[in-house]
Amino acid sequence: MKPAPFRYADPLTLDEALAVLSDEGEGAKVLAGGQSLLPLLSMRLAAPATLVDINRVPGLDTVKATGDGVTVGALVRHARLLGGHPDAMAAARVQPLLARATANVAHPAIRNRGTTVGSIAHADPSGEMTSVLALTDGSVTVATPNGVETVGWRDLFVGPLETSVHGPAIVTSAFFPALAAHSGTAFAEVARRKGDYAVCGGGVVVTLDADRRVAAVRAAYVSVGLTPEVHDLTDAVIGQPADSADWAAAGAFARTLVDPDTDLHASADYRRLLVGVLTERMLAEAAAEASARVTGE
Amino acid sequence: MSTDTERTVTLTVNGVPREATVPVRRLLSDALRHDLGLTGTHVGCEHGVCGACTVLVDGAPVRSCLMLAVQVDGHEVTTVEGLAHADHQGGQVLHPVQEAFRECHALQCGFCTPGFLMTIAAGLEGRDNSAELTEEEVDDMVGGNLCRCTGYANIKKAVHHAAATMRDSE
Ligand SMILES: Cc1cc2nc3c(=O)[nH]c(=O)nc-3n(C[C@H](O)[C@H](O)[C@H](O)COP(=O)(O)OP(=O)(O)OC[C@H]3O[C@@H](n4cnc5c(N)ncnc54)[C@H](O)[C@@H]3O)c2cc1C
Ligand code: FES
Ligand code: FES
């Protein structure tokens, strides 16, 4: 099908974009990469009165990596965080989860348009980047006609496809804090084809002490639960040596913490099984990376 | 700033300047086919899943069903019609990927073919073809395109074939 008729504006500044959003009121929607919004329009699952296209607003397409973390602007396409791009390499040194998760987001042609910030604003429970924002304890910056505010991930995600960003507001960037010292990460998922939405996926962060014993383990999952959640798995393996920790026990523990749904693609039980298997695999990988980082010091 | 319901869009398609006046809700795929008469770009699912509508915008592959025509104002679009090049005798020389599809029997009904051709052409042109092309890389390149006929084996064969041709001519 085709989108229902709407009005369209493509403002050239952020202020102008916020002004149109205010003027148009309730029925206005921000258009970023369009890779989630346009399918919704064409399937007539959404019929906003006005689209405010932010693609011509300057200054939103930067990736900034500092010692504190990585700030990703609202017009940074998924593809920018991958592969040989200098931005991607700088970001990966500070927070490797970004590129690792992005590699699982959709297919190349979709990654050329879709944005990291758009997928966070969209808050799809099967999107990868919402979980990465949670797992890294990140936040977003939101511009409104009244000013700019920072919203932490816990206050951002309200429900499936629902955030606390309402009214005339534009998410201008997302901030992913840096990976802590002595830590390693991994990201993995099971999907029907590479690039499809995950049947089940997730990311982990393992932190070791100076003797390479497990100090902290956190995990967040994709397509499991309605909003991103961070699970603390530390108790299952605390104090165990990184190279021989009982990761299967941590995987089994993770299975007891999650509450997935049954849908067309998988039953809740199958998803819970995948949580265990993927967690065990990812933790071994992340621990090896953390161990190498302890050595590297 | 005001909002519009109709706009005139000026763009370059396959190197030729074009103009069309369209309702703002017109998808790029429909603008190419209906307003500009370029029916080589196929439309399957119209929600980003099948890849049949893939075209290049400023050289990068995108789903033309997931862009509005108004968004390409001032940009450059390449469709499957722009893949072959004119030779000196008034004929056309196929792009190495088109040649490889013919050679490897990588199409049957041909519905998915324009999308595959654009995706693969951009994928191979964007990489260093002296480096070995892995199966994983090929899967990543074409994994977003659906074909209901071929079973994909010959399409993947064609990707390797085209990569070899492009490497030899580099
Ligand atoms: C075939 C297909 C497969 C896909 N597979 C995956 C996948 O595996 N994993 C995955 O995570 N995603 C997947 N996607 C979705 C893709 O990642 C989208 O790019 C992303 O979800 C939304 O980003 P966008 O920039 O395209 O946003 P848009 O589609 O433009 O917008 C989505 C929603 O967010 C709002 N929004 C966007 N940006 C802002 C902003 N800056 N401020 C305020 N509101 C904003 C819009 O108003 C809209 O409601 C897939 C898409 C397709 C078509
Ligand atoms: S028609 Fe555009 S992806 Fe199927
Ligand atoms: S050749 Fe028929 S769909 Fe691919």
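Within every chain, numbering begins at 1; the chains are lettered A, B, ... in the order of the sequence lines, protein sequences first and strands thereafter. Owing to the predicted nature of the structure, the values given are computational and were not obtained by experimental measurement.
- Residue contact with chain A, scored on non-hydrogen atoms closer than 4.5 Å, is absent for B:V142.
- The distance from the CD atom of B:Q71 to the CZ atom of A:R56 is 8.0 Å, given to the nearest 0.5 Å.
- The distance from the CG atom of B:D73 to the CG atom of A:D10 is 8.0 Å, given to the nearest 0.5 Å.
- Annotation: side chain of A:N55 is not in contact with side chain of B:M67 (no heavy-atom distance under 4.5 Å).
- Here the CZ atom belonging to A:F6 is positioned 11.0 Å from the OG1 atom belonging to B:T3, to the nearest 0.5 angstrom.
- More than 12 heavy atoms of other residues, nucleotides or ligands lie within 6.0 Å of CD in B:Q108, so this atom counts as buried by the packing criterion.
- Only the side chain of A:E16 has a heavy atom closer than 4.5 Å to any heavy atom of chain B.
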Between A:R111 and B:D140, is the salt bridge (charged side-chain N to carboxylate O under 4.0 Å, His left out) condition met? List the steps. CA-CA 12 Å; A:R111 295 200 294 255; B:D140 193 38; 3.4 Å; yes
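- Applying a 4.5 Å heavy-atom cutoff, the residues of residues 6-36 of chain B that approach chain A are B:R7, B:V24, B:R25, B:L27, B:D30.
- A search for side-chain contact (heavy atoms from CB on, under 4.5 Å) contacts involving A:A174 returns A:V117, A:I120, A:L133, A:V140, A:F176, not counting sequence neighbours.
- Taking CZ of A:R113 as the start and CZ of B:R63 as the end, the distance is 13.5 Å to the nearest 0.5 Å.
- Contacts between A:L41 and chain B at a heavy-atom distance below 4.5 Å are absent for every atom of the residue.
- How far OG of A:S42 is from CD of B:E46: 5.0 Å, rounded to the nearest 0.5 Å.
- Put simply, of A:A79, A:A4, A:G34, A:A17, the one with the most heavy-atom pairs under 4.5 Å next to chain B is A:A4.
- Note on A:P5, A:G195, A:A19: by heavy-atom pairs under 4.5 Å with chain B, the leading option is A:P5.
- No salt bridge links B:E136 with A:K194; every basic N to acidic carboxylate O contact stays at or beyond 4.0 Å.
- Remark: A:R44 CZ is packed, more than 12 non-hydrogen atoms of other residues, nucleotides or ligands lying under 6.0 Å away.
- Expressed to the nearest 0.5 Å, how far CG of B:D4 lies from CZ of A:R7 amounts to 10.5 Å.
- Counting only heavy atoms from C-beta outward, the side chains of A:P39 and B:L66 approach each other to under 4.5 Å.
- When the shell of 6.0 Å around CZ of B:F111 is examined, it contains more than 12 heavy atoms from other residues, nucleotides or ligands.
- For the options B:T54, B:T119, B:V70, heavy-atom pairs under 4.5 Å to chain A are most numerous at B:V70.
- Put simply, of A:D23, A:L37, A:L38, the one with the most heavy-atom pairs under 4.5 Å next to chain B is A:L38.
- The two atoms that bring A:A9 and B:S2 nearest to each other are CB-O, 4.0 Å, heavy atoms only.
- Contact annotation for B:L68: both backbone and side-chain heavy atoms come within less than 4.5 Å of a heavy atom of chain A.
- Distance alone, capped at 3.5 Å, places no donor-acceptor pair between the A:N112 side chain and the B:V62 backbone.
- For B:E132, the CD atom counts as loosely surrounded, since its 6.0 Å shell holds 12 or fewer non-hydrogen atoms of other residues, nucleotides or ligands.
- Only the side chain of A:L31 comes within contact range of chain B, with heavy atoms under 4.5 Å apart.
- Across all their heavy atoms, B:G48 and A:I110 have their closest contact at O-CD1, 3.6 Å.
- Interface check for chain B: of the options A:D53, A:T50, A:L12, the most heavy-atom pairs under 4.5 Å are formed by A:D53.
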